[in-house]
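Sharing a structure, written as structure tokens. Questions coming.
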Amino acid sequence: MADSKHHGVLGAVYAAKRPEEVAALYNSWSQTYDADMSAAGYRHPTICLALLARHLPRGAAPLLDAGAGTGLIGEWLNIAGCPEVEALDISEGMLAQAARKGVYSALHCLALGGHLPFADGAYAGIISAGVFTSGHVGVEGLDELIRICRPGGVIVLTVKNTLWEAGFAARITELEAQGLVTRIEETRPYISMPGEADTVPSRGLALRVI
């Protein structure tokens with residue numbers, strides 16, 4: 001199922017073809033993003049937070065919010081007492097909104113999908129909500145997250161079904177066979193935005209790095 005029935009900026013970002021196009025769209029959306037996603041009943045952050053809390057010990061640090069946007073997850077991690085969380089996002093405008101919340105120890109304006117300027121095993125845990133989806137990042141963004149997550153650490157992400165069926169599931173199976181990760185939890189498919197009509201389901205995934 002395509003995402004053509006999304007309207008406004010949301011439809012545009014799902015239809016985007018280039019990283020710079022995605023960044024520009026999110027820059028223009030940054031002022032109203034929180035309110036718009038709240039109205040859509042956006043579920044990805046809550047699902048990811050639940051998975052992270054279940055599988056990563058309290059106090060583990062540092063964490064990376066990969067695709068942090070305006071800092072929705074960072075706010076909640078801060079309330080929950082996570083001692084050090086860094087933000088990564090492709091959009092300077094979204095990171096500017098995140099910075100105003102004062103919950104991140106560092107802000108990185110970077111795109112997922114290529115090499116990231118972080119050391120191997122730099123993070124105790126990584127959370128990536130709503131990033132592996134149409135017009136954003138595909139399976140090509142996964143290996144770098146695994147590289148920068150330390151052995152024993154946890155990566156929590158959401159994956160849209162269209163990506164899952166187009167190679168993401170197969171790549172997870174390969175990574176498990178290679179002994180690089182263990183799939184510790186996979187949710188059943190769910191609708192990420194009940195307020196948007198005809199949306200494609202996604203799933204939440206928790207991986208432990210070996």
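Being a predicted model, the structure only gives us computed values, none of them experimental.
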Legend entry - Cluster check Leu180, Phe168: I/L/V/M/F/W/Y, side chain < 4.5 angstrom: yes
Inset, instruction - State, yes or no, whether a side-chain contact exists between Leu63 and Leu56 at a heavy-atom distance under 4.5 Å. - result: yes
Legend entry - Nearest non-hydrogen partners of Ile126 and Cys149, listed with the distance: CD1-CB, 3.8 Å
Inset, instruction - Check the pair Leu142 / Leu175 against side chain to side chain contact (heavy atoms under 4.5 Å, CB included), numbers first and verdict last. - result: CA-CA 10 Å; Leu142 182 60; Leu175 290 165; 3.6 Å; yes
Legend entry - Counterpart residues, salt bridge (charged side-chain N to carboxylate O under 4.0 Å, His left out), relative to Glu86 (two or more places apart): none
Legend entry - Residues that Arg208 engages under salt bridge (charged side-chain N to carboxylate O under 4.0 Å, His left out), provided they are two or more places apart: none
Inset, instruction - Would you indicate whether the side-chain heavy atoms of Val209 and Val154 approach each other to under 4.5 Å? - result: no
Legend entry - Backbone N/O of Cys109 and side chain of Asp89: donor-acceptor pair under 3.5 Å: no
Inset, instruction - Go through the structure and list residues passing side-chain contact (heavy atoms from CB on, under 4.5 Å) with Arg150, not counting sequence neighbours. - result: Pro62, Ala124
Inset, instruction - Please report the shortest heavy-atom distance between Ile47 and Gly204, naming the atom on each side. - result: CG2-CA, 4.5 Å
Inset, instruction - Only pairs at least two apart or in different chains count here, so list each salt bridge (charged side-chain N to carboxylate O under 4.0 Å, His left out) that has a residue in residues 38-66. - result: Arg54-Glu185
Inset, instruction - Any chance you could measure Leu52, atom CG, to Leu77, atom CG, to the nearest 0.5 Å? - result: 6.5 Å
Legend entry - Listed once per pair and sorted, the ring-ring contact (aromatic ring centres under 6.0 Å, His included) pairs that draw on residues 59-94, sequence neighbours left out: none
Inset, instruction - For the pair Lys101 (side chain) and Thr70 (backbone), establish whether a donor and an acceptor sit closer than 3.5 Å, ignoring hydrogens and angles. - result: yes
Inset, instruction - Please name all residues satisfying side-chain contact (heavy atoms from CB on, under 4.5 Å) with Ser128, sequence neighbours left out, ordered by chain then number. - result: Ala66, Leu112, Val131, Phe132, Leu157
Legend entry - Contacts of type side-chain contact (heavy atoms from CB on, under 4.5 Å), residue Ala99, not counting sequence neighbours: Leu107
Legend entry - Spacing of Leu145 atom CG and Leu88 atom CG [to the nearest 0.5 Å]: 8.5 Å
Inset, instruction - Not counting sequence neighbours, which residues clear side-chain contact (heavy atoms from CB on, under 4.5 Å) with Cys48? List them please. - result: Ile127, Ala129, Val156, Thr158
Legend entry - Non-neighbouring partners of Glu92 that pass side-chain hydrogen bond (donor to acceptor under 3.5 Å, both in side chains), sequence neighbours left out: none
Inset, instruction - Just jot down the side-chain hydrogen bond (donor to acceptor under 3.5 Å, both in side chains) partners of Arg171, sequence neighbours excluded, or say none. - result: Asp143, Glu174
Legend entry - With Glu186 via side-chain hydrogen bond (donor to acceptor under 3.5 Å, both in side chains) - residues at least two apart: Arg183, Arg203
Legend entry - Gap between atom CZ of Arg147 and atom CG of Asp120 - 0.5 Å precision: 5.0 Å
Legend entry - Expected output: side-chain Ser202 to main-chain Ser192 donor-acceptor under 3.5 Å: no
Inset, instruction - Identify the heavy atoms of Pro117 and Leu110 that sit nearest to each other, and give their distance. - result: CD-CD1, 3.6 Å
Inset, instruction - Please report the shortest heavy-atom distance between Pro201 and Pro189, naming the atom on each side. - result: CB-CB, 4.0 Å
Legend entry - Any pair counted as ring-ring contact (aromatic ring centres under 6.0 Å, His included), so long as it reaches residues 77-110, sequence neighbours left out: His108-Phe118
Inset, instruction - For the residue pair Pro151 and Ile210, establish whether any side-chain heavy-atom pair is separated by less than 4.5 Å. - result: no
Legend entry - Flag side-chain contact, heavy atom, 4.5 Å: Thr187 against Leu51: yes
Legend entry - Joint hydrophobic cluster, Ile79 plus Leu72, side-chain heavy atoms closer than 4.5 Å: no
Legend entry - Interatomic distance, Lys160 atom NZ to His44 atom NE2 [nearest 0.5 angstrom]: 7.0 Å
Inset, instruction - Give, for atom NE2 of His55 and atom CD1 of Ile155, the distance between the pair rounded to the nearest 0.5 Å. - result: 13.5 Å
Inset, instruction - Please answer whether the main-chain N or O of Leu95 pairs with a side-chain N or O of Gln97 as donor and acceptor at a distance below 3.5 Å. - result: no
Inset, instruction - Determine the minimum heavy-atom distance between Cys82 and Val85, stating which atoms define it. - result: CB-CG2, 4.0 Å
Inset, instruction - Apply side chain to side chain contact (heavy atoms under 4.5 Å, CB included) to Leu205 and Ile172, showing your working. - result: CA-CA 10 Å; Leu205 196 64; Ile172 294 293; 3.9 Å; yes
